[in-house]
J.: 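Take a look at the following structure, please.
Residue numbering restarts at 1 for every chain, and letters A, B, ... go by the order of the sequence lines. Note that these values count all heavy atoms, side chains included, but never hydrogens, waters or copies made by symmetry.
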Protein chains: 2
Amino acid sequence: MSRPTKNSPERGDARTRLLEAARDVIRKKGFAATSVDDLCQSAGVTKGAFFHHFKTKDSLGVAAANYWAETTSAFFASAPYHEPDDPLDRILAYLDFRKAIIDGETFEYTCLVGTMTQEVHDSAPAIRDACSDSIFGHAATLEADIQAAQEQRCINVDWSAESLARHTQAVLQGGFILAKAAGDPNLARESVDHLIRYFRQIFNVADTASQKEYAKPKET
Amino acid sequence: MSRPTKNSPERGDARTRLLEAARDVIRKKGFAATSVDDLCQSAGVTKGAFFHHFKTKDSLGVAAANYWAETTSAFFASAPYHEPDDPLDRILAYLDFRKAIIDGETFEYTCLVGTMTQEVHDSAPAIRDACSDSIFGHAATLEADIQAAQEQRCINVDWSAESLARHTQAVLQGGFILAKAAGDPNLARESVDHLIRYFRQIFNVADTASQKEYAKPKET
DNA sequence: GACAGCATACCGACCGTATAGTATGTATAT
DNA sequence: ATATACATACTATACGGTCGGTATGCTGTC
C-alpha cells in the first residue's frame with residue numbers, strides 16, 4: 001500500500017504491480033466492476049502510471065490475461081506432478097495438485113481468465129481471445145499424457161485426448177463457480193474428486209478404496 | 001423495442017419486461033457492464049418504471065435471479081426427461097436434455113445465475129445468495145433420482161448423491177465458460193458427454209457404442 | 001568524468017460523459 | 001379519492017481517459 005516515492009526502490013515496476021493488482025482485484029470484483037482507480041490504489045501507483053503502461057482499461061485486461069498465462073504456465077511447469085514415470089500417474093498427480101491448491105480466500109484459488117471470459121466474451125474480443133489462449137493453452141499441456149495413457153490402457157474409445165483435457169478445465173471452472181456461490185472451496189474440490197473418479201474409471205485403474213463392486217440392477 | 005404508450009396493452013408488465021431484458025442482456029454483457037438505461041431500452045420502458053419496480057440496480061439483480069429460478073424450475077419440471085420409469089434412465093434423459101438445449105447464441109443457452117455469481121459473489125451478498133439458491137435448488141431436484149439409482153445399482157460408493165448432483169451443475173457451468181471462451185457451444189456439449197460417460201461408468205451401465213474393453217497396461 | 005541530449009517512468013490536476021438514483025408530474029383502475 | 005404504474009427532467013458522482021509537467025537513468029562526446 002505504500003506509494004513508491006521518486007527514488008524508491010519500487011520505481012520501474014509499476015506495470016508489474018498493476019498486473020498483480022489486476023490479478024487479485026478482478027478475481028474479487030470482476031473486470032467491469034473494477035475501476036482504474038481501484039487498480040491504481042491497490043497497486044500503489046497513480047493514474048499517470050496506469051495510462052503510461054496501458055493505452056486503455058481493456059488493454060490492461062489483455063495484458064493481465066497474458067500475464068496470467070505466463071505466470072501460471074511457469075507455476076505448473078515447475079510443479080511436482082510431472083515426476084511420475086507413468087503418464088496416467090502424472091495426470092492423476094496433476095488432478096491431486098489442482099485439488100491441493102484450491103485453498104484460502106476465493107480470489108486466491110479461482111481463475112482470472114475464466115472470470116474475465118464470462119464477463120467480456122461478447123463485448124471485448126481482444127480480452128476474450130487472450131483468456132481463451134490461456135485456458136486452452138493450459139489444457140493443451142495435458143494432452144500428451146492423456147493421449148499416452150489412452151494408447152497404453154484403452155481400446156475403442158469414443159473420446160479424444162483433446163476433449164478430455166478441455167473437460168478437466170471445464171470441471172475446474174465450474175467448481176469455482178459453485179465455490180463462489182456457496183463461499184466454500186470444498187465444492188470445487190468435490191468436483192475435482194468426481195473428475196478423478198472419472199479418470200480412474202475410463203482408464204480402468206483401481207482406487208485404494210474402490211467402488212468397483214456393483215449391485216445387480218433390481219427391477220423397479 | 002416499441003415503447004408502450006400510455007394506454008398500450010403492455011401497460012402493467014414493465015416489471016416482467018425488465019426481468020426478461022435483464023435475463024438476456026446480463027447474459028450477454030454481464031451484470032456490472034449492464035446499465036439501468038440498457039435494461040430500460042431493451043425492455044422498452046423508462047427509468048421511472050425501473051425505479052418504480054426496483055429500489056436499486058442490485059435489487060433488480062436479486063429479482064432477476066429469483067425470476068430465473070422460478071422460470072427454469074417450471075421449464076425443467078415440465079420437461080420430458082421425467083418420463084422413464086427407471087431413476088437412472090431419468091438422470092441420463094436429463095443429461096441428454098441439458099445437452100439438447102445447448103444451442104443458438106451464447107446468451108440463449110448459458111446460465112444467468114452462474115454468470116452473476118462470478119461477478120458479485122464478493123460484493124453483493126444478496127444477489128449471490130439468490131443465485132446460490134437457484135443453482136443448488138436445481139441441483140437438489142436431481143438428488144432423489146441419483147440416490148435411488150445409487151441404492152439400486154451401486155455398492156461401497158464413496159460419493160454422495162448430493163455431491164454428484166452438484167457436480168452435474170459444475171460441469172454445465174464450466175462447459176458454458178469454455179463455450180464462451182471459444183465462441184462455440186460444442187465445447188459445452190462435449191463436457192456433458194464426458195459427464196454422461198461418467199454416469200454410465202459409476203452406475204455400470206453399458207453404452208450403445210461402449211468402450212468397455214481395456215488394454216492391459218503396458219510397462220513403460 | 002563531466003555534461004548535454006534524450007528516452008523512459010511516472011505524477012496529479014483536469015475534462016467530458018455515463019451512470020445510478022431522485023423528484024415531481026400524470027394517466028389509469030378500482 | 002386513492003393507489004398503482006408509469007413518464008420526464010434533473011442531479012451528483014464516479015469513471016475512463018488526457019495533458020502538461022517532472023524525476024531518473026542511459027549514452028555518446030569531449
Side-chain angles (χ1 to χ4, degrees), chain A residues 1-22 25-26 28-64 67 116 119-120 123-127, chain B residues 1-22 25-26 28-64 67 116 119-120 123-127:
Chain A
M1 292 296 151
S2 67
R3 291 252 299 286
T5 57
K6 295 161 188 177
N7 37 9
S8 87
E10 288 97 354
R11 187 185 166 85
D13 55 22
R15 186 188 150 91
T16 302
R17 292 166 67 89
L18 281 165
L19 291 172
E20 285 168 353
V25 179
I26 293 173
K28 273 185 208 146
K29 315 199 344 176
F31 181 74
T34 298
S35 70
V36 172
D37 285 329
D38 283 340
L39 293 170
C40 292
Q41 200 183 347
S42 174
V45 305
T46 60
K47 245 176 163 177
F50 185 100
F51 286 101
H52 172 72
H53 289 288
F54 307 103
K55 203 181 175 210
T56 62
K57 188 191 171 191
D58 271 22
S59 83
L60 174 276
V62 173
Y67 182 71
M116 288 205 294
E119 284 192 68
V120 305
S123 45
I127 302 177
Chain B
M1 289 300 153
S2 67
R3 288 254 297 286
T5 57
K6 295 161 188 177
N7 36 9
S8 86
E10 289 95 354
R11 186 184 167 86
D13 55 22
R15 186 188 149 90
T16 302
R17 293 166 66 91
L18 281 165
L19 290 173
E20 285 168 354
V25 179
I26 293 173
K28 272 183 209 149
K29 315 198 345 176
F31 181 75
T34 298
S35 69
V36 173
D37 285 328
D38 284 340
L39 293 170
C40 292
Q41 200 183 347
S42 174
V45 305
T46 62
K47 248 177 161 173
F50 185 99
F51 285 102
H52 173 70
H53 289 288
F54 307 103
K55 204 181 175 212
T56 63
K57 188 191 170 188
D58 271 21
S59 83
L60 175 275
V62 174
Y67 181 71
M116 288 207 292
E119 283 191 71
V120 305
S123 44
I127 301 177

J.: Rounded to the nearest Å, what distance is computed from the NZ atom of residue B:Lys55 to the C1' atom of nucleotide C:dA23?
T.: 16 Å

J.: With a 3.5 Å distance limit and no angle check, can you tell me whether B:Glu119 reaches the backbone of B:Ala32 through a side-chain donor-acceptor pair?
T.: yes

J.: Tell me: CZ of B:Phe51 to C1' of C:dT24, nearest whole Å?
T.: 16 Å

J.: Has B:Lys55 got a side-chain atom pairing as donor or acceptor with B:Leu60's backbone, closer than 3.5 angstrom?
T.: no

J.: Once you round to the nearest 0.5 Å, how far does CD of B:Glu20 lie from OH of B:Tyr67?
T.: 4.0 Å

J.: Where the side chain of B:Ser35 is defined as all heavy atoms beyond and including C-beta, which of D:dA7, C:dT19, D:dC15 is the nearest nucleotide?
T.: C:dT19

J.: Pick the nucleotide of DNA chain D nearest each of A:Val36 and A:Gly48; which residue has the one closer to the 5' end?
T.: A:Val36

J.: Report yes or no: does A:Thr34 contribute a side-chain atom to a donor-acceptor pair with the main-chain N or O of A:Gly30 at less than 3.5 Å?
T.: yes

J.: Taking B:Thr56's backbone N and O only, do any of them form a donor-acceptor pair with B:Ser59's side chain (distance below 3.5 Å, no angle check)?
T.: yes

J.: Measure from NZ on A:Lys57 to P on D:dG17 and round the result to the nearest Å.
T.: 8 Å

J.: Rounded to whole Å, how long is the line connecting atom CG of B:Leu39 with atom P of C:dA20?
T.: 8 Å

J.: Could you verify whether a donor N or O on one side chain and an acceptor N or O on the other, from B:Thr16 and B:Asp13, lie under 3.5 Å apart?
T.: no

J.: Would one find a side-chain N or O of A:His52 under 4.0 angstrom from OP1 or OP2 of C:dC10?
T.: no

J.: Rounded to the Å, how far apart are A:Phe50 CZ and C:dG12 P?
T.: 17 Å

J.: Calculate the interatomic distance between A:Asp13 atom CG and C:dT8 atom P; express it in whole Å.
T.: 18 Å

J.: Atom CG of B:Asp38 and atom C1' of C:dA20: how far apart are they, to the nearest Å?
T.: 13 Å

J.: Does A:Phe31 have A:Lys57 sitting over its ring (NZ/CZ under 6.0 Å from centre, angle to axis within 45°)?
T.: yes

J.: What is the separation between atom CG on A:Asp37 and atom P on C:dC11, rounded to the nearest whole Å?
T.: 14 Å

J.: Once Watson-Crick and G-U wobble pairs under 3.5 Å are found, how is DNA chain C written in dot-bracket notation, 5' to 3', with | for any base paired to another strand?
T.: ||||||||||||||||||||||||||||||

J.: Using only side-chain N and O atoms of A:Lys47, determine if any of them is under 4.0 Å from OP1 or OP2 of C:dG12.
T.: no

